[in-house]
Amino acid sequence: MPELPEVETTKRGIEPFLVGATIAGVVVRNKHLRWPAQVPQALAGQPITRVGRRAKYILITTPIGTLIVHLGMSGSLRLVDAQAPVKTHDHIDLQLSSGHCLRYNDPRRFGSFHFHTSDPAEHWLLTDLGPEPLSNNFSGEHLFQQSRRRRIAVKSHIMDSKIVVGVGNIYAAEALFSAGIRPTVQACRVTRVGYDRLASQISRILARAIQVGGTTLRDFVGSDGQPGYFRQSLNVYGRAGEPCRVCASLLKGMVLGQRSTVYCPKCQKTSGWR
DNA sequence: CCCGATTCCTGTAGGC
DNA sequence: TGCCTACAGGAATCGG
């Protein structure tokens, strides 16, 4: 499931093929995504000037506007040959003048395509987002200050895209484990020191996951169709009932905020210090 | 304002 | 072997 590392992996994979290329044609086989897909035919003939990312959105910019693409839970953007046979759930193609084709496949259709004619940062999907976890705007102090009145679980706090973007269920669980913080602790009870440690673990883990092409659990493939290899580095996610890799205690699984959560009852005792 | 629950969707795993 | 159900989850939105 694409979280920030998977989206960044996709962005890096497609960028060299898109920037400088011209869109030769647009094919929308199924526009019934999370929202009706906005992919104007007017994109045909437009050069792609920039490929970017904000949170889990991939931004594909042309002189007439920017496509804002979200991969949802099961979406992928792959570069295929223009003649590649269409498979099931191949919903949208951007045909390129180079003979390549940027193909969007999404079995569960939780993804989305929006088109915005001015600065994408001003699109309603992006205006209320928190800082990028790999930027200088992100810190333990930020997490701490934003948490003072929040009684929700700290895991829900760091998964809130208004607080910080790109931290999904997998990486939230992993960062809390590495920081030694129990996911269920109220956000307002985590200490400043705890948030410092949590912020640095979030950044470190996301950066490492990007280095190995993200995490492939089931669906995710990068733009070249290759899986990511961070799965073997997971310490808690998907390991409920198995022994902790640090202390051998049995990892505990539970549901928190409608999300499956796994933690080590021994390594994750505190809400701050260790 | 705050926060938990609900909603979208389909492939897969588990139970019988 | 095959059917049926539960579950996975990003994030907007709803309801209390």
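Between the side chain of Glu8(A) and the main chain of Leu4(A), no donor-acceptor pair closer than 3.5 Å is present.
Classification of the His91(A)-Tyr104(A) ring pair by plane angle, with boundaries at 30° and 60°, yields tilted.
Val69(A) is not listed as a side-chain neighbour of Tyr57(A), based on a closest heavy-atom distance of 4.5 Å or more. With a 4.5 Å cut-off on side-chain heavy atoms, Leu67(A) and Leu59(A) do not count as touching.
Tested against Leu43(A), the residues Ile60(A), Ile48(A), Ile64(A) include a single side chain to side chain contact (heavy atoms under 4.5 Å, CB included) partner, Ile64(A).
Taking atom CE on Met73(A) and atom C1' on dG11(B), their separation rounds to 10 Å, with Å as the unit. Note: CG (Asp106(A)) to C1' (dA8(C)) measures 14 Å, nearest angstrom. Asn30(A) has its CG atom 17 Å from the P atom of dC8(B), to the nearest Å. Straight-line distance from the CD1 atom of Ile170(A) to the C1' atom of dG9(C): 10 Å, rounded to whole Å. At whole-Å resolution of the value, NE2 in His157(A) and C1' in dG4(B) are 17 Å apart. When rounded to the nearest whole Å, the span between CE of Met254(A) and C1' of dC7(C) equals 17 Å. As rounded to whole Å, 8 Å separates atom C1' of dG10(C) from atom CE of Met159(A). Rounded to an integer number of Å, the gap from Asp128(A) CG to dT13(C) P is 11 Å.
Checked against dC8(B), dG11(B), dA12(C), the side chain of Trp35(A) finds its nearest nucleotide in dA12(C). Counting only heavy atoms from C-beta on, Ile152(A) has its side chain closest to dG4(B) among dG4(B), dG10(C), dC9(B). Of the candidate nucleotides dA12(C), dA11(C), dC3(B), dA11(C) has the atom nearest to the side chain of Lys56(A). Comparing dA11(C), dC3(B), dA12(C) by their nearest atom to the side chain of Arg151(A) picks out dC3(B).
Nearest heavy atom pair, residue Leu234(A) against residue Arg239(A), reads O-CD, 3.8 Å.
Around atom CZ of Arg148(A), more than 12 heavy atoms belonging to other residues, nucleotides or ligands sit under 6.0 Å away.
In this structure, Tyr237(A) does not reach the dA8(C) phosphate: none of its side-chain N or O atoms is under 4.0 Å from OP1 or OP2. Taking side-chain N and O atoms only, Arg109(A) has a distance below 4.0 Å to OP1 or OP2 of dT10(B). OP1 and OP2 of dC2(B) both lie 4.0 Å or more from every side-chain N or O belonging to Arg150(A). Between dA12(C) and His70(A), no contact under 4.0 Å exists linking OP1 or OP2 to a side-chain N or O.
Helix bend of the helix from dC2(B)-dG16(C) to dC16(B)-dG2(C): the angle between its two end axes, each built from five pairs, comes to 60° after rounding to 10°.
DNA chain B is contacted by both Ser156(A) and Arg259(A); Ser156(A) maps to the nucleotide lying nearer its 5′ end (nearest heavy atom per residue).
For the atom pair Arg182(A) CZ and Tyr263(A) OH, the distance stands at 4.5 Å (nearest 0.5 Å).
Taking 3.5 Å as the limit, the base of dG10(C) and the side chain of Arg108(A) contain no donor-acceptor pair of atoms between them.
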